[in-house]
Amino acid sequence: MLLFEDYRKKLIESIRSLYPEVRDNDIAPDRTGHADLALRAFSLLRKGDVKIEEIVSRITGALSGEDYIASITSSGGYINFTLNPKKLMEAISSEIYGTDRFPDIFQDPERVSVEHTSTNPTGPIHIGRIRNSIIGDSIFRILSRYGYRVTTQYFVNDSGRQVASLYVGYKKFGQSDSLTTENLLKAYQRMHKEVEADPGLEKEVDETIRQYEAGKQEVMDGIRTICSVILGSINGTLERLGIKIDDYTWESDLIRNGDVNKVLESLEDELEDEGGAKYVSSGGRKMFLTRNDGTSLYFSRDIAYHQYKMDNFDWIIDVLGENHKEHAGHIRYVMKDLLHRDGKLDFVFYSYVSLESGKMTTRGGNIVTADELLDRAIEESLNIVRNKRSELQESELSRIAQAVATSAVRFHIVKLNSNKQMVFKWSEALSLEGDSAPFVMYSYARAASILRKAGDTDIRPEGDYGNLEAPLVKKMYEYAYVLHDAASGLKPEAIANYLLELTRTFNDFYTNCPVLTSETPDRGRRLAIVRNFKNIVKDAAYLVGINVLEEM
RNA sequence: GGGCCCGUAGUGUAAAGGAUAUCACCUAGGCCUCCGGAGCCUAUGAUCCGGGUUCGAAUCCCGGCGGGCCCGCCA
C-alpha cells in the first residue's frame with residue numbers, strides 16, 4: 001500500500017481498460033525530463049498496426065475527466081503524461097492535515113523480527129560490524145514506519161570457540177588487569193598468538209566449551225561476566241548511534257533449556273554420524289550440528305534460534321555479513337525442507353568494510369572501532385559548528401555536533417548499496433558536505449527557519465505552481481513510492497538517495513524562489529511547499545538515522 | 001578448482017530492459033546590500049573486455065578479466 005493516493009496505479013487502470021495487454025512496467029516514472037510518467041507503447045504499436053496518434057487520442061478521451069493529468073503528448077514510441085502539481089500537493093497534504101505527521105499505513109500489522117549486529121562478544125564493535133547495526137536499525141525503522149510490529153534481536157554468541165578462547169586467554173594472561181573491554185581485547189589478541197606456539201591451549205578451550213555446556217558454575221560465572229562487560233560496551237556504542245536492541249538471546253540458554261536438543265531430536269531421521277559428530281547433508285554438503293564430544297555447534301544453535309523466532313514472529317529478517325551466505329542457505333534448507341517451517345524468512349547481506357591498509361580483524365588488532373569513528377566525527381563537527389555559530393553556548397554547540405556526527409556516520413554507511421564492498425576512508429567518512437547527512441540537515445534547518453519567521457498564518461496552497469515549484473512538489477510526491485520500495489525490498493539506501501535528490505531539488509527552489517518576500521497567493525503556496533518539504537524530510541531522515549535539527 | 005556478490009568520469013556513487021546515463025568529491029572559473037554560503041551556478045570527464053537475446057542493454061544470457069566472500073567437528 002502507498003502512503004499517498006496512487007496516481008500511477010490510477011493511470012495504469014485507466015489505460016488497461018482500453019488496452020488490457022499493457023503491463024505494469026510499461027508505465028514508469030520518466031528520468032529524462034520528458035514527462036512525469038511515460039507509457040512505452042512499443043508493443044501496442046507493433047501488435048495492433050495502429051498509429052501512435054490513435055492511441056493518444058483514445059487515451060486522452062478516456063482520461064478527459066481526470067484532473068490529476070495535466071497533459072498528454074507523444075514522442076517516438078512514448079506517450080508522455082505530466083501530472084497536475086495541484087493534485088499531488090493535495091495528496092501529500094491530506095495525509096498530514098492537522099497533525100503535521102504522516103500516519104502509519106497498516107492497520108493490522110504482522111509481527112516482525114529484525115536480527116542485526118549479533119557480533120561476537122569478544123571485543124569492541126568496529127566499523128565493519130557497525131554496518132550491520134546501521135543497516136539493521138534502518139530496516140527496523142522503515143518497517144515500523146510502515147506499521148509493522150517490529151522487534152530487534154541480538155543473538156549473543158557466548159557458546160562458541162571464540163568466547164571460550166577469550167575466557168582462557170583472560171584467565172592466563174589478563175587476570176591481574178581490571179575487567180574492561182580493552183583489557184579483555186588485549187588478552188584475546190595475546191591468546192590468539194600464544195595458541196600458535198602452544199597447541200595445548202586448544203585443548204583447554206575444548207574443555208572450557210564442554211564445561212560451559214555442562215553448566216559448571218565457575219566457568220558459567222566467568223564467561224557470563226566477560227560477555228556482559230563486552231556486551232555493555234557494544235551497547236554503549238549502539239546507543240551513541242541511537243540504535244536500540246529489544247531482545248537478547250544467549251546461545252547458552254538455548255542449550256540449557258533443551259531447545260538445541262529438541263532440534264537434534266526433530267532431525268533424528270536425517271542425522272548422520274562421523275566419528276561421533278552429527279551432521280545433516282544436502283547435495284553432498286555436510287552441515288555439522290555437534291562435535292564428536294557432543295558439544296553443540298553454531299549451526300544447531302542457530303536452528304534452535306530460528307525455531308524460536310518462527311514461533312513468535314510472522315516475518316523473520318536477519319542482517320548478516322556476506323560470509324554467512326552459505327550458512328543462511330543451510331538454515332533455510334533445514335527450516336523449510338527438513339523441519340517444514342514455512343514462515344517468511346529473509347536475509348539481508350552486506351559486504352565487508354576494509355581499511356586502506358587492508359582487512360580488519362579483531363584478533364589481529366587491525367581495526368578502527370566505531371567509537372573511534374564517532375569521537376573523531378564529533379570533534380570535526382564541533383570545530384565546524386563552533387566556527388559557524390560562535391554566538392551559541394558550549395552545551396548547545398555540543399548538542400548540535402553530536403547530532404551532526406552521528407547522523408553523518410550513519411548516513412555515510414547506509415547510503416551505500418549493501419552488497420557493495422566498502423573501503424573505509426577517513427576523509428569520506430568525516431565529510432560534512434556534498435552527499436552527506438549535514439547537507440540534508442542544513443536544508444531542513446533552512447526550511448524550519450522560513451516557517452518560524454512566517455508563523456502559522458497564510459499557509460495556503462493556492463495559485464499556479466511555477467517551474468521551480470512543480471519539480472519540488474513532484475519529488476515530494478515520489479516519497480510514497482520510495483518508501484514502498486525501501487520497505488518491500490529491504491533497501492534503506494533507497495531512502496538515503498531519495499533524500500539527497502529531494503534536498504537538491506529543494507535547494508534549487510530555495511535559491512531561486514523567494515518565499516517570505518513574495519505576494520499572495522505565491523507566498524501562501526510556497527509556504528505550504530516548504531512545510532510539506534520539512535515534514536517529508538523529517539519523516540524520511542529518521543528512517544536512515546539522520547537527526548534533523550530545527551536550528552544548527 | 002567449485003559456488004555467491006561486485007566492476008559506471010581521476011575518486012566515490014545513482015539508475016523498474018526505455019528517450020540526451022544521476023549526483024557528489026577533486027580540478028578550473030563564478031555567486032553573500034537578498035528567506036541560514038554545511039549552499040548555488042558554469043565547465044571538463046564514465047557503463048571492465050568479447051559475443052548473444054531484444055524495436056531498445058549499465059541492466060538479461062554466455063565466455064573472459066579484475067576485486068571481495070565462502071567451500072571448518074570456527075562463527
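None of the values given here were measured: they were computed from a predicted structure. Here is how names work: the chains are called A, B, and so on, in the same order as the sequence lines, proteins then strands, and each is numbered from 1.
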Salt-bridge criterion met for Arg161(A) and Asp206(A) (N-O under 4.0 Å):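 Result for this pair is yes, salt bridge flagged.
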Under a 90° cut-off about 0 for the syn range, is C23(B) syn or anti?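 Anti, which is what one calls it when the glycosidic angle falls more than 90° from 0.
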Compare the minimum distances between each of [options] and the side chain of [X], then state the nucleotide with the smallest one.
X	options	answer
Ser75(A)	A75(B), C23(B), A19(B)	A19(B)
Lys425(A)	G12(B), A19(B), C6(B)	G12(B)
Leu516(A)	C35(B), A38(B), C5(B)	C35(B)
Asn323(A)	G36(B), G68(B), C70(B)	C70(B)
Asn419(A)	C5(B), A75(B), C23(B)	C5(B)
Glu433(A)	A38(B), A75(B), C40(B)	A38(B)
Phe288(A)	C23(B), C73(B), G36(B)	C73(B)

Separation between the [atom1] atoms of [N] and [M], rounded to whole Å:
N	M	atom1	value
G17(B)	U47(B)	C1'	15 Å
C32(B)	G68(B)	C1'	47 Å
C23(B)	C41(B)	C1'	16 Å
U11(B)	C73(B)	C1'	46 Å
U54(B)	C62(B)	C1'	16 Å
G18(B)	G56(B)	C1'	7 Å
G12(B)	G37(B)	C1'	24 Å
G66(B)	A14(B)	C1'	23 Å

Hey, is [X] stacking on [N]? Ring centres under 5.5 Å, planes under 30°.
X	N	value
Phe42(A)	G56(B)	no
Tyr442(A)	G39(B)	no
His327(A)	A75(B)	no

Please work out if [X] contacts a base, only the sugar-phosphate, or nothing of the nucleic acid, heavy-atom cut-off 4.0 Å.
X	value
Asn497(A)	sugar-phosphate
Ala454(A)	nothing
Tyr352(A)	nothing
Asn292(A)	base
Tyr510(A)	base
Met552(A)	base
Ala28(A)	nothing
Ile27(A)	base
Leu500(A)	nothing

Counting distance alone, no hydrogens or angles: does the base of A19(B) have a donor or acceptor under 3.5 Å from a partner atom on the side chain of Asn80(A)?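 Check passes, donor-acceptor contact within cut-off.
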Classify the side chain of Glu428(A) versus the base of G12(B) as yes if they form a donor-acceptor pair under 3.5 Å and no if they do not.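 No, the side chain and the base share no sub-3.5 Å donor-acceptor pair.
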To the nearest Å, how far apart are [X] [atom1] and [N] [atom2]?
X	N	atom1	atom2	value
Asp30(A)	A15(B)	CG	P	16 Å
Glu326(A)	G72(B)	CD	P	8 Å
Lys359(A)	G68(B)	NZ	C1'	9 Å
Asp206(A)	C73(B)	CG	P	14 Å
Ile384(A)	G37(B)	CD1	P	16 Å
Arg129(A)	C69(B)	CZ	P	12 Å
Lys475(A)	U22(B)	NZ	C1'	10 Å
Arg40(A)	G56(B)	CZ	P	16 Å

Does the cation-pi check pass for [X] over [Y], that is, NZ or CZ under 6.0 Å from the six-membered ring centre and within 45° of its axis?
X	Y	value
Lys475(A)	Tyr477(A)	no
Lys325(A)	Phe349(A)	yes
Arg446(A)	Tyr510(A)	yes

Tyr305(A) vs Tyr308(A) aromatic rings, parallel, tilted or perpendicular, using cut-offs 30° and 60°?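 Plane angle under 30°, so parallel.
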Heavy-atom donor-acceptor pair, Thr208(A) side chain to Glu204(A) backbone, under 3.5 Å: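 A pair under 3.5 Å: yes.
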Sorted by first residue and then second, give each salt bridge (Lys or Arg N to Asp or Glu O under 4.0 Å) pair with at least one member in residues 412-439 of chain A; sequence neighbours left out.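 Listed once each, the pairs are Asp435(A)-Arg504(A).
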Whether the [X] and [Y] side chains hold a donor-acceptor pair (N or O, under 3.5 Å, no angle test) is what I'd like checked.
X	Y	result
Asp158(A)	Ser252(A)	yes
Ser281(A)	Glu272(A)	yes
Asn507(A)	Ser443(A)	yes

Show me the donor-acceptor pairs, under 3.5 Å and distance only, between side chains in residues 354-362 of chain A and residues at least two apart or in other chains.
from      : atom 1 : to        : atom 2 : distance (Å)
Thr361(A) : OG1    : Gly364(A) : N      : 3.1

Where does RNA chain B pair, written as one dot-bracket string 5' to 3', with Watson-Crick or G-U pairs under 3.5 Å, ( ) inside the strand, [ ] for crossing pairs and | for another strand? (((((((..(((.....[....))).(((((.......)))))....(((((..]....))))))))))))....
